[in-house]
**Student:** 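Could you have a look at this structure, given as structure tokens, before my questions?
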Amino acid sequence: MATRRPFFCGNWKLNGTIAESLALATDVRNGVATLRGADVVVAPSFTALHAVAKRLEDGAVAIAAQNCHFEDKGAFTGEVSASQLADVGCKYVILGHSERRQLFGELDAAVNLKARAALRAGLAPIICVGETLAERDAGETLGRIQAQLDAAIADIADADLSRCLVAYEPVWAIGTGRTASPAQAQEVHAHIRASVARRSAGVAASLRILYGGSMKPDNVRALMAEADVDGGLVGGASLQAESFARMVKEGS
Ligand code: PGA
């Protein structure tokens, strides 16, 4: 099996002035400065991207955006394109986060268009999938994940797919303090990898599949011990540099 480098992305969501984001970014960079075993990424709000990208331009910590539009330019008031994100210094973009799906009506087809736009612009998409508690209780978890994944990566060539990451984020675990057990995460991660392997064994072997949903310094080790958990997409625990850096350390 390919050795996959651990990957941790802090999703700051709708938090932070420019000054607060710069302070957090600086503390994250300093906190992980001696850690060499993982890729570390932060995802500030759009308004702070430029300043944070400048602050982190030595490259030790990379920048992600939290969303993008699927057109490159035009009459799309209020939207930001993937090429604009690349221009500002982003390397990654989080797509299809459950908050976007649930609160802003984002559909599977839009996630696919956005992923393709991101790849065109040279960004690596972090594609989020996840089931609700009702879907889990109804035994529909793997079917739901499969449908979201199939839609998101449709018409993406294997060479481009090899630049994508997938984040499994059970909706019931996001911001709730309730984490999927390592076994629950592993079941879904293994399913995602097996599904990608039906298209390309090589891409599947190197695909980094992140877990998201109340990941913390004290549960990261057990999650990362699972064969198909390659890192984390971290919300709440990424808003304090000390806990985020500790998580990266514990998990890599
Ligand atoms: P959480 O959020 O770590 O606060 O649960 C994760 C996410 O939404 O990416």
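Order of listing sets the numbers, starting from 1, for every ligand and every atom in it.
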**Student:** Where is the tightest heavy-atom contact between C128 and I94, given as atom of each residue plus distance?
**Tutor:**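 Looking at all heavy atoms of both residues, the closest pair is SG-CG2, 3.7 Å.
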**Student:** Side chain, backbone, both or neither: which part of C128 comes within less than 4.0 Å of ligand 1 when only heavy atoms are counted?
**Tutor:**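 No part of C128 is near ligand 1 at this cut-off.
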**Student:** Taking the non-hydrogen atoms of G212, is any one of them nearer than 4.0 angstrom to ligand 1?
**Tutor:**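 Not so, G212 does not reach ligand 1.
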**Student:** Are any of the N or O atoms of T176 closer than 3.5 Å to those of ligand 1?
**Tutor:**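 No; the residue has no nitrogen or oxygen that sits under 3.5 Å from a nitrogen or oxygen of the ligand.
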**Student:** Measure the spacing between CZ of R163 and OG of S206 and express it to the nearest 0.5 Å.
**Tutor:** 13.0 Å
**Student:** Does a side-chain N-to-carboxylate-O contact under 4.0 Å join R193 and D230?
**Tutor:**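 Answer for the salt bridge query: yes.
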**Student:** Quick one: look up the protein heavy atom nearest atom 9 (O) of ligand 1 and list residue, atom name and how far away it is.
**Tutor:**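 Going by distance alone, atom 9 (O) of ligand 1 is nearest to E169 OE2, 2.7 Å.
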**Student:** Could you tell me, atom by atom, which parts of ligand 1 come under 4.0 Å of a heavy atom of G236?
**Tutor:** 1 (P), 3 (O), 4 (O)
**Student:** Are F70 and F76 an aromatic pair by the rule of ring centers under 6.0 Å?
**Tutor:** no
**Student:** Under 4.0 Å from a heavy atom of A173: which atoms of ligand 1 are those, numbered in the order shown and with their elements?
**Tutor:** 5 (O)
**Student:** Any salt bridge between R101 and D108, counting N to O under 4.0 Å?
**Tutor:**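 Salt bridge flag = yes for D108 with R101.
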**Student:** Between H97 and Q66, do the side chains contain a donor N or O and an acceptor N or O under 3.5 Å apart?
**Tutor:** no
**Student:** Under 3.5 Å, is there a donor-acceptor pair linking the side chains of S81 and S83?
**Tutor:** yes
**Student:** Side chain or backbone, does G175 bring an N or O within less than 3.5 Å of an N or O on ligand 1?
**Tutor:**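 Indeed, backbone or side chain, G175 has an N or O that close.
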**Student:** Which atoms of ligand 1 sit under 4.0 Å from any heavy atom of S214?
**Tutor:** 1 (P), 3 (O), 5 (O)
**Student:** With heavy atoms only and a cut-off of under 4.0 Å, state how N11 meets ligand 1: side chain, backbone, both or neither.
**Tutor:**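 Answer for N11: side chain.
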**Student:** Give the residue and atom name of whichever protein heavy atom lies nearest to atom 3 (O) of ligand 1, and the separation in Å to one decimal.
**Tutor:** G235 N, 2.8 Å
**Student:** Just which atoms of ligand 1 are under 4.0 Å from any heavy atom in G213?
**Tutor:**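 Checking each atom against G213, I get 5 (O).
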**Student:** Check for a donor-acceptor pair, side chain of E250 on one end and backbone N or O of M247 on the other, with a separation under 3.5 Å.
**Tutor:**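 Side chain of E250 to backbone of M247: no pair is present.
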**Student:** Under 4.0 Å from a heavy atom of H97: which atoms of ligand 1 are those, numbered in the order shown and with their elements?
**Tutor:**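 Answer, ordered by atom number: 7 (C), 8 (O), 9 (O).
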